[in-house]
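One structure below.
Not measured: the values here are computed from a predicted model.
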Amino acid sequence: MILFLVRANLSVAMGIVLVSTYPDKKSISRIAHVVVEQKLAACVNYTKINSIYSWKGKIEDAEEFLALFKTTAKSKQRLKEEIAKSHPYDVPEIVELKMDSVSVPYMKWLEESTLGSKPKKRNNASKR
């Protein structure tokens, strides 16, 4: 059974992951709830990380939260705007990654969750 899409042969939505970092759990949790409720993202994963970066001529070493916003090409622009508008950083990281190979069931769920259709329950969703 073939479970992965071949983008050249199928006319389906493109999955997108937007990557950003946040200074604390409160700020990422707040935006995650907003964008999922507004159906701009189907899912937001976040985890604590350590970042070393250059900012205003100094090397910074900080704890941050890395966020992965899962959405579709159709919803990505509105999601980017919402992230930029609500982000606590002066220069927020907003990086777009295209999903080149996505399982058919996951892509269907992603589309349904961001395009306003009633989402189907994902397997083992309650176990995560």
- Note on the structure: Between Thr72 and Glu111, the two heavy atoms sitting closest are CG2-CA, 4.1 Å

- Item | 4.5 Å side-chain heavy-atom contact, Ile94 and Glu96 | no

- Message: For a quick test of reading the model, state the closest non-hydrogen atom pair linking Met99 to Met14 and the distance between them.
- Response: O-SD, 3.3 Å

- Item | Side-chain (Thr114) to main-chain (Lys39) donor-acceptor, under 3.5 angstrom | no

- How far apart are the closest heavy atoms of Ile28 and Phe69, and which atoms are they? CD1-CZ, 3.9 Å

- Task: State whether the side chain of Thr71 and the backbone N or O of Leu40 hold a donor-acceptor pair below 3.5 Å, judged by distance alone.
- Result: yes

- Query: Val17, Ile49: one ILVMFWY side-chain cluster at the under-4.5 Å cut-off?
  - Reply: yes

- Message: With a 3.5 Å distance limit and no angle check, can you tell me whether His87 reaches the backbone of Ser27 through a side-chain donor-acceptor pair?
- Response: no

- N-O pairing of Lys85 and Glu82 below 4.0 Å: yes

- Message: Tell me whether the rings of Tyr46 and Phe65 are parallel (<30°), tilted (30 to 60°) or perpendicular (>60°).
- Response: perpendicular

- Roughly how far apart are Ser86 OG and Arg30 CZ, rounded to 0.5 Å? 8.0 Å

- Message: Show, in sequence, the C-alpha distance, side-chain angles and deciding distance for Leu68 and Val44, and conclude whether the side chain to side chain contact (heavy atoms under 4.5 Å, CB included) test is met.
- Response: CA-CA 5 Å; Leu68 305 174; Val44 180; over 6 Å; no

- Item | Minimum-distance pair of heavy atoms, taken over all atoms of Ile83 and Ser20 | CG2-OG, 4.4 Å

- Task: State the CG-CD distance between Leu18 and Gln77, to the nearest 0.5 angstrom.
- Result: 9.5 Å

- Distance-only polar pair, side chains of Tyr53 and Glu64, donor-acceptor under 3.5 Å: no

- Item | Reported CD-to-CD1 distance for the pair Glu60 and Ile52, which is rounded to 0.5 angstrom | 11.0 Å

- Task: Could you state whether Val34 and Tyr89 fall into the same hydrophobic cluster, counting links through intermediate Ile, Leu, Val, Met, Phe, Trp or Tyr residues with side-chain heavy atoms under 4.5 angstrom apart?
- Result: no

- Task: Flag the pair Trp109 / Cys43 as yes when at least one side-chain heavy-atom distance between them is below 4.5 Å, and no otherwise.
- Result: yes

